[in-house]
Amino acid sequence: SGPWVGGGMEAGPSRLRRRHPLGVYPLGNSLLDAGAPLRRCAGLGRLSQLSDDCILGILRNLSACSCAELASVSVVLRAFSGYEELWQGFCLQLLDAGGRISWPEAGTWRVAYASSVAPRRISSSSLHSSSARVYSDVLYRSFYCGVVDLDARWLARDSLPRVNARFLSSEDFERRFERQSRPVILEGFAESWKARSRWSRDWLLERFGDVPFAVGPCELPLRDFYAYAALNSDEAPLFVFDRFFPDRAPALLEDYEVPEFFRGRDLFDLLGADRPAFRWLLIGNRRSGSKWHVDPNKTSAWNAVVRGRKRWLLLPPGCPPPGVSPSRDGSEVTQPLSLIEWFFNFYGELRRYAEQNPSWELLEGTCGPGDAVFVPCGWWHCVLNLDDDTIAVTQNYASETHVHSVRRFLREKREQVSGTSSKDSLAERFDAALAASRPDLLKKDPHLHSVEPREPLAARESPMPGSAGAKAPGTFSFWSHLRSTGRCLAFGTASPSAAVPPCAPAMGERADQESQPGG
């Protein structure tokens, strides 16, 4: 059972950790099975005239018990009614209603629901694996992305700059990285934290095992989360991403401190307790992580790894990667359902495009325990956890360097402001706080950005292939244009292979609303 789409083929040889428990295979394999069309018609009846997406759409409107009963009709309906996304939804509904999920050794949402809620009402035959073959790319895609090995080529490149944080002063950090809008891995950033020797699965469970934390769209006791994390085969595994951890587990605040690079430099602190959300605890196993996004409210961020490793990809402001399509106003982003699916279908395309267009400065790197990544305002990024029990702390901050970008965003895109219940008045409250405590920042011309523009080296040194000629010094700055407009430029006559990568939504894509940090 090979890759389910051409993008997977492009990613090179891959190995599945197990086969689909309900006998689902890629649609192309049906060409080698003469009985496949008849089996589909017999198993679905009149539903066989509908597309697989339409059939799943119908099942999404049924109850869990109805889906379970349909599973006993035929092996084909069993495959459709056993689709994991359906049962994840049923489990989340149960959690919303105050129920609790016991994660089973089988490692599926379907079995979790049956064993937690209605083991007697749901036929046991609907839970058994099937030896019959069902062919569907729609059903196979999420399973494949959940069990296929990570391609080593996704992790091989190391272009994200690194510096030893212990020998970097706050002034040097601000001059070399923040003002230059330069992402960097700060090695040894968190090495002195108490969390480095304490935080682990066993240590956290002993102290906070029954404490609920935010896990994706729901809340789970930490004990239940770790049980899920160890056994699931989800395409996009859920992970702890909790802004309220200081209230849920206040003792954790004693185990880390904000390093001097960022201490006292968050202008949102001037708002007091009514400031936007700014810090999160992150816990996830291998393969979990954050899809492509830009951090909210024009903030910059640091993300420190306490345990495990995180793989980072970053692109400059105004350069969304292929397969990621932001709306014109930036309020929504359409992209594949999971980061693994994006890697299979678009990573190779992004690498080729970045190599042909030096202005697209693709930065890649792995952040290990004790290190941190600095993400400047406006940079696109995604993060993939490489180890089980990867634990991190991240904080966003409104920097003096980007204060006018923050102010413009709060004024002009009020509907996109996040992390606060009073988003409509945040711009005025922030300006008032600046006027009271930092009036010097308001006196600066907001149209003259305080950042010292840093152009990508390749864009400074030489013209892109096919361009009319090199830029004359001091006449035009691509980087300044990018900052002020948020739009990329096409240099010279672009060949079809060098055109801006298409971002049309593909199968399995979704629109994410309201930007939030991740990692």
Side-chain angles (χ1 to χ4, degrees), residues 155 157-200 245-246 252-269 278-284 289-290 295 299-316 361-379 381-387 389-402 451-452 454 457 517-519:
L155 316 176
R157 193 164 177 263
D158 190 10
S159 58
L160 184 56
R162 297 172 177 269
V163 297
N164 191 322
R166 286 163 288 204
F167 303 109
L168 184 71
S169 68
S170 298
E171 293 76 16
D172 283 343
F173 167 77
E174 184 178 353
R175 175 179 56 83
R176 293 173 55 187
F177 301 107
E178 186 178 86
R179 290 183 183 176
Q180 301 294 329
S181 194
R182 182 71 170 171
V184 63
I185 293 179
L186 300 165
E187 296 181 334
F189 179 96
E191 199 58 53
S192 62
W193 289 0
K194 294 179 182 178
R196 284 280 293 116
S197 61
R198 293 182 176 179
W199 293 7
S200 67
F245 78 94
L252 295 180
L253 291 178
E254 301 174 4
D255 291 343
Y256 82 95
E257 61 179 357
V258 178
E260 62 175 335
F261 304 138
F262 307 103
R263 199 174 301 150
R265 300 192 61 242
D266 186 356
L267 293 175
F268 278 151
D269 281 343
F278 69 105
R279 60 186 171 195
W280 291 262
L281 173 69
L282 301 99
I283 306 174
S290 300
D295 280 349
T299 55
S300 300
W302 56 265
N303 185 302
V305 177
V306 174
R307 185 183 183 88
R309 295 172 299 150
K310 290 179 177 288
R311 183 67 179 175
W312 285 78
L313 273 66
L314 301 100
L315 283 168
E361 189 179 16
L362 172 61
L363 299 179
E364 303 176 68
T366 299
C367 185
D371 301 341
V373 171
F374 166 63
V375 184
C377 163
W379 276 71
H381 55 284
C382 67
V383 191
L384 180 66
N385 290 329
L386 300 183
D387 299 313
D389 200 20
T390 295
I391 305 174
V393 173
T394 186
Q395 289 195 187
N396 286 58
Y397 71 102
S399 72
E400 181 176 329
T401 299
H402 300 99
V451 175
E452 301 170 10
R454 177 192 61 81
L457 180 60

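For clarity, every value in this text was computed on a predicted model and none was experimentally measured. All residue numbers refer to positions in the sequence shown, counting from 1.
Residues Val373 and His381 form no side-chain contact, since every pair of their non-hydrogen atoms from C-beta on lies 4.5 Å or further apart. The side-chain heavy atoms of Pro183 and Pro161, taken from C-beta on, include no pair separated by under 4.5 Å.
Taking both residues in full, the closest heavy atoms of Leu281 and Trp199 are given as CD1-CZ3, 3.9 Å, listed atom of the first, atom of the second, then distance. Of all non-hydrogen atoms in Thr366 and Arg162, the two that sit nearest each other are O-NH2, 2.6 Å. Summarising the geometry of Gly365 relative to Arg311, their closest heavy-atom pair is C-NH1, 3.4 Å, with the distance given to 0.1 Å. Here the closest heavy-atom approach between residue Gly308 and residue Pro369 is recorded as O-CD, 3.1 Å. Here the shortest heavy-atom pairing between Arg309 and Gly368 reads CG-CA, 4.2 Å.
For Arg157, the side-chain hydrogen bond (donor to acceptor under 3.5 Å, both in side chains) criterion is met by Ser159, Glu364, not counting sequence neighbours. Residues passing the side chain to side chain contact (heavy atoms under 4.5 Å, CB included) test with Thr299 are Phe268, Asp295, Pro296, Asn297, Asn396, sequence neighbours excluded.
With hydrogens and angles ignored, the 3.5 Å screen pairs a side-chain donor or acceptor of Asp266 with a backbone N or O of Ala398.
Only one option out of Asp255, Asp387, Asp389 pairs with Arg307 in a salt bridge (charged side-chain N to carboxylate O under 4.0 Å, His left out); it is Asp389. A side chain to side chain contact (heavy atoms under 4.5 Å, CB included) with Leu363 is found for exactly one of Leu315, Leu160, Ile185, namely Leu160.
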Go through the steps to decide whether Phe262 and Ser300 satisfy the test side chain to side chain contact (heavy atoms under 4.5 Å, CB included), and finish with yes or no. CA-CA 10 Å; Phe262 307 103; Ser300 300; over 6 Å; no
Go through the steps for Phe374 and Phe189 under the test side chain to side chain contact (heavy atoms under 4.5 Å, CB included), then give the verdict. CA-CA 10 Å; Phe374 166 63; Phe189 179 96; over 6 Å; no
